[in-house]
Amino acid sequence: TKSLLRKGKRMGELSKSDAESKKSSYIESLKNLKKEVREDFTEMDFENADQRTEVEKQIEIMESAYDDGVKLLESMSFE
């Protein structure tokens, strides 16, 4: 059978520079999502303080998840 090699890589493998580029793109996306979620929350009108507090707790959980994703991606290295 014919080997599925291209530029010394198996089909489906990325070069180090391509992987780093994708990683940077994902990090940027997560940072933008975090910013958008906060901005959307800031623009919301709430009927009472309890409702606002509850939604803000959820926003903070989401922001924490975005931060965790960024940290995980930043910890990745490629060969």
Side-chain angles (χ1 to χ4, degrees):
T1 61
K2 213 173 195 183
S3 176
L4 296 174
L5 293 179
R6 193 178 84 203
K7 296 183 183 178
K9 300 278 183 201
R10 282 179 274 168
M11 190 173 209
E13 286 187 2
L14 297 174
S15 67
K16 180 179 179 176
S17 63
D18 287 345
E20 290 289 349
S21 177
K22 284 201 176 286
K23 179 176 96 168
S24 294
S25 175
Y26 295 148
I27 289 170
E28 193 65 29
S29 293
L30 287 172
K31 288 179 178 181
N32 286 336
L33 286 168
K34 178 182 174 183
K35 181 181 173 193
E36 289 173 21
V37 164
R38 178 53 67 174
E39 287 173 354
D40 288 348
F41 169 73
T42 303
E43 294 172 4
M44 288 180 181
D45 290 327
F46 295 95
E47 293 187 20
N48 62 56
D50 290 339
Q51 186 183 44
R52 184 184 197 290
T53 300
E54 276 305 307
V55 172
E56 187 162 29
K57 285 179 187 175
Q58 295 303 311
I59 297 298
E60 289 169 356
I61 290 168
M62 292 170 68
E63 289 173 327
S64 179
Y66 291 134
D67 289 341
D68 290 346
V70 168
K71 287 176 193 167
L72 176 64
L73 287 165
E74 289 175 339
S75 73
M76 292 179 172
S77 60
F78 306 99
E79 294 180 11

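Keep in mind that this is a model prediction, so the values were computed, not measured.
Side-chain heavy atoms closer than 4.5 Å link hydrophobic residues (I, L, V, M, F, W, Y) into clusters, and following such links, even through other members, never connects Phe78 to Leu14. In the hydrophobic clustering of ILVMFWY residues, with side-chain heavy atoms under 4.5 Å counting as a link, Phe46 and Met62 come out together.
With a 6.0 Å radius and a threshold of 12 heavy atoms from other residues, nucleotides or ligands, Glu47 has its CD atom at or below the threshold. Remark: Phe41 CZ is packed, more than 12 non-hydrogen atoms of other residues, nucleotides or ligands lying under 6.0 Å away.
Salt bridge Glu56/Arg38: present, at least one basic N to carboxylate O contact under 4.0 Å. Note on Lys31 versus Glu28: no salt bridge recorded, every NZ/NE/NH1/NH2 to OD/OE distance being 4.0 Å or above. Look at Glu20 and Lys16 and you find no salt bridge, because none of the NZ, NE, NH1 or NH2 atoms lies under 4.0 Å from a carboxylate O.
With contacts defined as side-chain heavy-atom distances shorter than 4.5 Å, the pair Leu73/Leu30 qualifies. Considering only heavy atoms from C-beta on, Val37 comes within 4.5 Å of Tyr66 through its side chain.
Side-chain atoms of Lys23 come within 3.5 Å of backbone N or O of Met76 as a donor-acceptor pair.
One finds the OG atom of Ser29 at 9.5 Å from the CD atom of Glu36 (value rounded to the nearest 0.5 Å). Note that OG1 of Thr53 is 12.0 Å distant from CD of Gln58, once rounded to the nearest 0.5 Å. Between atom OG of residue Ser64 and atom NZ of residue Lys71 there is a gap of 7.0 Å, rounded to the nearest 0.5 Å.
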Quick one, Lys57 with Glu54, criterion salt bridge (charged side-chain N to carboxylate O under 4.0 Å, His left out). Give me CA distance, side-chain angles, the key distance, then yes/no.
CA-CA 5 Å; Lys57 285 179 187 175; Glu54 276 305 307; 3.4 Å; yes

